[in-house]
Protein chains: 2
Amino acid sequence: MSRENKSSNIAFRKHDHRRCQRQLLSAARQVCETRKLRLTSRRRQVLEILLASHQPLGAYDILAELNRAADAERIAPPIVYRALEFLLVEGLIHRIESRNAFISCVHPGHQCAAQFLICRDCEQVAEIENGDSGLLAQADNIGFAVDHAVVEITGVCAQCQKHGE
Amino acid sequence: MSRENKSSNIAFRKHDHRRCQRQLLSAARQVCETRKLRLTSRRRQVLEILLASHQPLGAYDILAELNRAADAERIAPPIVYRALEFLLVEGLIHRIESRNAFISCVHPGHQCAAQFLICRDCEQVAEIENGDSGLLAQADNIGFAVDHAVVEITGVCAQCQKHGE
DNA sequence: GAAGTTACGTTATAATATAACATTATGTCG
DNA sequence: CGACATAATGTTATATTATAACGTAACTTC
Ligand SMILES: [Zn+2]
Ligand SMILES: [Zn+2]
Ligand SMILES: [Zn+2]
Ligand SMILES: [Zn+2]
């Protein structure tokens, strides 16, 4: 618990992202197959756009990306929002409430209570595995039945602190 | 820590809200006086609208309330957003990111790392005093300099669980 | 292959938020 | 006081984010 968590800060570490991408997409396929869900080409396309980086993207950024890819067609917002909704529900992506943005999950299928460290300098976002518990315990203590926890911590990552500012 | 916190769930408990309101407004005045800031009538007006309940309100709800109060004038969004900005910066209110809404702080001037329990049934929001620490400790552990923490837990409050559902 | 269901496409519009600039109020200092 | 600087408010227009409503296409099941 006090040791640095491997999966905790992938976005802040160098890694073979090409491989990372492939693995996450593959995991997503797996999840959908297991759950008898359709990872249609639109959904996959949106997921792939998010998988291209570990940074959060706004729905309209994704939309722009889709329209860049599409040749003539003019894709409209609902298409993006519907794909995002699907991916969210299945836990393949997360929504960053404090940014109105979406980011791919780094361990799809875990049904994780995701928590985020958001660097306001480099804009990178690290997804950390449910660390606390004291929090949910406290909710429980007053008889509150937890549904979903939004935990988003903004600040400056180690790297950006080094680079002056 | 395992005992129910008095200030933790004021929104979920019966209390003399008239008095609560007066006290919070008075505390806000105090804070502004101490900091040599102007709690102008617009700012006070917006704060009072939020103090009327312990529920979160959207900026446009507040705007509507202002326009209801105002007789002829047609108040526009920037006025509300500017007052909200002031109140946020001074910690007199909080923003609920997952709702795009604003709520009055129950202990103004504390510079608190507020955390919220949001009932999706009755829509009440309880502000709980910084309980965890494990969370921020974990951030610290990987050299992340925390600025601001958003913690919003959605679920069903004890009362709403009792009332069936 | 007809019927039911799920996903996609399209149009319009709702809801939330800010940019840019004009005006008014407040404070400061000679 | 009166000129200036500053802070707050007011105004107009527009940007950004998100959804409603309805039609079409694709897949599934029998
Ligand atoms: Zn990667
Ligand atoms: Zn950074
Ligand atoms: Zn009260
Ligand atoms: Zn409730």
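These figures come from a predicted structure and were not determined experimentally. All values below were derived from every heavy atom in this structure, side-chain atoms included, with hydrogens, water molecules and symmetry-related copies excluded.
- Under the 4.5 Å side-chain criterion, counting only non-hydrogen atoms from C-beta, A:L47 is not in contact with A:L24.
- The side chain of B:R43 places an N or O atom within less than 4.0 Å of a non-bridging phosphate oxygen (OP1 or OP2) of D:dT9.
- The shortest distance between the side-chain N/O atoms of B:T40 and the OP1/OP2 oxygens of D:dT9 is below 4.0 Å.
- In this structure the side chain of A:I62 reaches within 4.5 angstrom of the side chain of A:L84, judged on heavy atoms.
- Among the nucleotides D:dA18, D:dA20, C:dA17, the one closest to the side chain of B:Y81 is C:dA17.
- Proximity of B:R42 to the phosphate of D:dG10: a side-chain N or O atom is located under 4.0 Å from OP1 or OP2.
- Proximity of B:R95 to the phosphate of C:dA17: a side-chain N or O atom is located under 4.0 Å from OP1 or OP2.
- Residue A:I96 contributes atom CD1, which lies 16 Å from atom C1' of D:dT17 at whole-angstrom precision.
- Atoms CG (B:L37) and P (D:dA8) sit 8 Å apart, rounded to a whole Å.
- Across all strands shown, A:R44 has no heavy atoms under 4.0 Å from either base or sugar-phosphate atoms.
- Scanning atom types as modelled, no donor and acceptor separated by under 3.5 angstrom connect the side chain of B:R74 and the base of D:dG10.
- Summary of the strand contacts: B:S41 and A:A59 both lie near DNA chain D, and taking for each the nucleotide with the nearest heavy atom, the more 5' one is attributed to B:S41.
- Heavy-atom nearest nucleotides on DNA chain C were determined for A:P77 and for A:A83, and the one closer to the 5' end corresponds to A:A83.
- Look at CG on B:L39: it is 13 Å from C1' on D:dA8, rounded to the nearest Å.
- Straight-line distance from the CD atom of B:Q45 to the C1' atom of D:dG10: 14 Å, rounded to whole Å.
- In this structure, A:R38 reaches the sugar-phosphate backbone alone: every heavy-atom distance under 4.0 Å involves primed, P, OP1 or OP2 atoms, never a base.
- B:H94 places none of its side-chain heavy atoms less than 4.5 Å from the side chain of B:E152.
- Rounded to an integer number of Å, the gap from B:F86 CZ to D:dA7 P is 13 Å.
- When each of B:Q21, B:H17, B:E127 is tested with B:H54 by the rule side-chain hydrogen bond (donor to acceptor under 3.5 Å, both in side chains), just one qualifies, namely B:H17.
- To the nearest angstrom, P of D:dA18 lies 12 Å from CD of B:E97.
- The nucleotide whose nearest atom lies closest to any side-chain atom of A:A76 is, among C:dT10, D:dC27, C:dC8, C:dT10.
- Other residues, nucleotides and ligands contribute at most 12 non-hydrogen atoms within 6.0 Å of the CD atom of B:Q30.
- Distance NZ (A:K36) to P (D:dC27): 18 Å, rounded to an integer number of Å.
- For the pair A:E90 (side chain) and A:V31 (backbone), a donor-acceptor distance under 3.5 Å is absent.
- B:Y60 contributes a side-chain N or O that forms a donor-acceptor pair with the base of C:dA17 under 3.5 Å.
- Nearest-nucleotide positions on DNA chain D place A:D61 closer to the 5' end than the other of A:R82 and A:D61.
- Protein atom CG of A:L66 is 13 Å distant from nucleotide atom P of C:dT10, rounded to whole Å.
- The side chain of B:N100 lies closest to C:dT16, out of C:dT16, C:dT26, D:dA18.
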